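One-based numbering, in listed order, for ligands and for the atoms of each. A quick note: this is a predicted structure, and the numbers were derived from the prediction, not measured. The first residue in the sequence is number 1, and the count goes up from there.
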Amino acid sequence: MFEQYKLPYSYDALEPVIDAETMETHYSKHHATYTATLNTLAEKAGVQDKTIEEILGNLDQIADATVRNGIRNNGGGYYNHNLYFKIMGPNAGGEPTGALKESMDRTFGSFEAFKDKIFALATGQFGSGWAWMSVTKDGQLVLSNSANQDNPISLGTENTPIFALDVWEHAYYLKYKNLRGDYVKNFFHVVNWDVVAELYEAALTK
Ligand code: MN3
C-alpha cells in the first residue's frame, strides 16, 4: 500500500510563495488521486509489494499497456509529489551548505548558475512537467526536465532525483496565473536545502 508523504507543515505554511488553497488542492486532491490510482493499478499489475523506484525503473515488465501507462503516470505522480512536498518547507530558502554546496559549485559554477539552469529547464518545459536535480550512479549531479509525470527513474536514467520542481499549472495557476517564471523564482524561497542535502548523502551511499 503506497502512502502519501505526510506533510510536516500546514497548508498555509509556505505563504506567500505558495498559497494555502493551491497547497491544499495539490496535496489533498491531485496527489491523493495519483496515490489512490497507483494503489489500484499496482494491485492489478501484481507489483504492489515492490518499491515505487523498482516499479518505475522497470515499467517494461508490466505487460498490459494500459496498466503500464497508468502506472507510469500515476506512479510518477505519486513519487514526484512525495519528493516535491518533502524538499519544501517554511523558514527555508537560502543556499545549500556542506558537501552538497561544494558539489553544486563544482558542477554548475555557483548557486546562482544552478538557479539559472533550473529556471531555464522549468520555464522551457513545454506544457506540464518537472525540473530535476539528480545524482548519477557515479555520484555526479545532473539537471533535467521531463514531461507529464515522467521522472529520471521512469525515463530509465538510473539517476536518483534529490530536487523536484513541479511546473504543472495546478502547482501555481491560482496565484501566478500564466507567470510560471515568477513561481519558479519564488520557489527557491521555500526549498529546504537541509532535506536536499540528506537526500544527496543518501544517494551517494546507495
Ligand atoms: Mn503537481
Side-chain angles (χ1 to χ4, degrees), residues 2-42 52-53 55-57 59 69-90 92-93 115 118-134 143-155 157 159-192 195-196 199:
F2 294 97
E3 287 183 21
Q4 263 182 288
Y5 171 71
K6 295 269 182 299
L7 287 185
Y9 47 82
S10 59
Y11 291 137
D12 64 359
L14 307 184
E15 294 262 16
V17 174
I18 298 179
D19 60 283
E21 190 183 359
T22 295
M23 271 300 297
E24 180 166 7
T25 310
H26 205 173
Y27 183 82
S28 72
K29 306 292 184 198
H30 292 277
H31 193 198
T33 302
Y34 291 128
T35 305
T37 309
L38 166 64
N39 277 313
T40 303
L41 292 174
I52 189 60
E53 288 88 349
I55 295 173
L56 292 175
L59 287 170
N69 206 41
I71 289 182
R72 176 180 174 181
N73 291 330
N74 292 280
Y78 167 77
Y79 175 92
N80 298 349
H81 290 90
N82 275 358
L83 182 58
Y84 174 72
F85 290 126
K86 189 173 187 177
I87 64 153
M88 291 193 289
K115 287 201 290 185
I118 285 288
F119 183 88
L121 289 165
T123 56
Q125 172 58 45
F126 187 79
S128 298
W130 293 77
W132 305 96
M133 176 162 66
S134 310
L143 306 182
S144 62
N145 57 11
S146 62
N148 303 315
Q149 297 296 355
D150 289 343
N151 64 41
I153 301 172
S154 63
L155 291 170
T157 67
N159 297 338
T160 304
I162 61 170
F163 171 100
L165 170 51
D166 189 346
V167 294
W168 282 57
E169 285 183 344
H170 67 228
Y172 62 88
Y173 207 86
L174 291 179
K175 181 180 173 78
Y176 296 93
K177 300 295 185 288
N178 59 312
L179 302 177
R180 183 188 289 187
D182 288 356
Y183 157 70
V184 171
K185 276 185 203 149
N186 285 342
F187 176 76
F188 292 108
H189 294 301
V190 295
V191 175
N192 186 336
V195 171
V196 181
L199 295 168

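- Checked against salt bridge (Lys or Arg N to Asp or Glu O under 4.0 Å), K175 has no partners two or more places apart in sequence or in another chain.
- F2 has its ring centre less than 6.0 Å from the ring centre of Y78.
- If you check the side chains of Y176 and N186, you find a donor sitting under 3.5 Å from an acceptor.
- With a cut-off of 2.8 Å, the protein N/O/S atoms near the Mn ion (ligand 1) add up to 4.
- For R180, the CZ atom sits in a packed shell: over 12 heavy atoms of surrounding residues, nucleotides or ligands are nearer than 6.0 Å.
- Shown here is E53, whose CD atom has more than 12 heavy atoms of other residues, nucleotides or ligands within 6.0 Å.
- Atom-to-atom distance recorded for L199:CG and L83:CG is 6.5 Å, nearest 0.5 angstrom.
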